[in-house]
Amino acid sequence: MIRALVTGGSGDIGAAICRRLASDGRHVYVHARSRFAQAERLAAEIVAKGGSAVAVAFDVADREKTEATLQELLGAGPIQIVVNNAGSGPA
């Protein structure tokens, strides 16, 4: 299965992207920094509709945490799609 990581997936635009990728049969990593509960709800919604998704949390501005998380995700195989949708603003 093709795997996709959507940074900022817990926001409105990111969620729409995640839903579309999932509807196209992709496994989606729904990323969040401070709104992990929203990412988890979206991942659960996608799974409930027959898709494949998992919520992940890290701060893209934190290089070490980002690298560690990506290495963990890549342990399950390559990520073929990356949508860099994370924005900066208040937490």
Novice: Which heavy atom of G11 sits nearest to which heavy atom of R35, and what is that distance?
Specialist: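 Looking at all heavy atoms of both residues, the shortest contact is CA-NH2, 3.3 Å.
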Novice: V6, L73: one ILVMFWY side-chain cluster at the under-4.5 Å cut-off?
Specialist: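 No.
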Novice: Can you pull out every salt bridge (charged side-chain N to carboxylate O under 4.0 Å, His left out) where at least one residue sits in residues 14-23? Sequence neighbours excluded, please.
Specialist: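 As it turns out, the salt bridge (charged side-chain N to carboxylate O under 4.0 Å, His left out) pairs with a partner in residues 14-23, which skip direct neighbours, are R19-E45, R20-D24.
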Novice: For the residue pair V28 and L42, establish whether any side-chain heavy-atom pair is separated by less than 4.5 Å.
Specialist: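 V28 vs L42: side chains apart.
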Novice: May I have all residue pairs that pass salt bridge (charged side-chain N to carboxylate O under 4.0 Å, His left out) and include part of residues 64-79, sequence neighbours excluded?
Specialist: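 Those involving residues 64-79 are R63-E67.
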Novice: Roughly how far apart are T7 OG1 and D59 CG, rounded to 0.5 Å?
Specialist: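 The CG atom of D59 is 11.5 Å from OG1 of T7, to the nearest 0.5 Å.
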Novice: Going only through I, L, V, M, F, W and Y residues with side-chain contacts under 4.5 Å, is there a path from Y29 to F58?
Specialist: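 Yes; tracing contacts between hydrophobic side chains, which count when under 4.5 Å, links both residues.
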Novice: On a heavy-atom basis, which atom in S10 and which in V30 lie closest, and how many Å separate them?
Specialist: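 Taking every non-hydrogen atom into account, N-CG1, 4.2 Å.
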Novice: Nearest 0.5 Å, please: how far is SG in C18 from CD1 in I13?
Specialist: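 It is 12.0 Å, given to the nearest 0.5 Å.
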Novice: So how far is it from T66 OG1 to Q71 CD, rounded to the nearest 0.5 Å?
Specialist: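 Here the rounded value is 11.5 Å.
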Novice: Taking side chain as C-beta onward, heavy atoms only, is R33 less than 4.5 Å from V60?
Specialist: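 When only atoms from C-beta onward are counted, V60 and R33 do not touch, as no gap falls below 4.5 Å.
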Novice: Can any side-chain N or O of N85 pair as donor or acceptor with the backbone N or O of G8 at less than 3.5 Å?
Specialist: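 Yes, because the side chain of N85 sits within donor-acceptor range (under 3.5 Å) of the backbone of G8.
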Novice: If you compare all heavy atoms of L74 against all heavy atoms of R3, which two are closest, and at what distance to 0.1 Å?
Specialist: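 That would be CA-NH2, 4.1 Å.
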Novice: Please report the shortest heavy-atom distance between A32 and A39, naming the atom on each side.
Specialist: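 The answer is CB-CB, 3.8 Å.
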Novice: Of the non-hydrogen atoms in I46 and A22, which two are nearest, and what is the gap between them?
Specialist: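 Shortest heavy-atom contact: CG2-CB, 3.4 Å.
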Novice: Measure the spacing between CD1 of I81 and CG of L21 and express it to the nearest 0.5 Å.
Specialist: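 The distance works out to 5.5 Å.
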Novice: Can you get from I2 to V47 by hopping between Ile, Leu, Val, Met, Phe, Trp and Tyr side chains that sit under 4.5 Å apart?
Specialist: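 Different clusters.
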Novice: Going by the ring pair (Phe, Tyr, Trp, His ring centres under 6.0 Å) test, which pairs reach into residues 4-25, not counting sequence neighbours?
Specialist: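 The answer is none; no pair qualifies.
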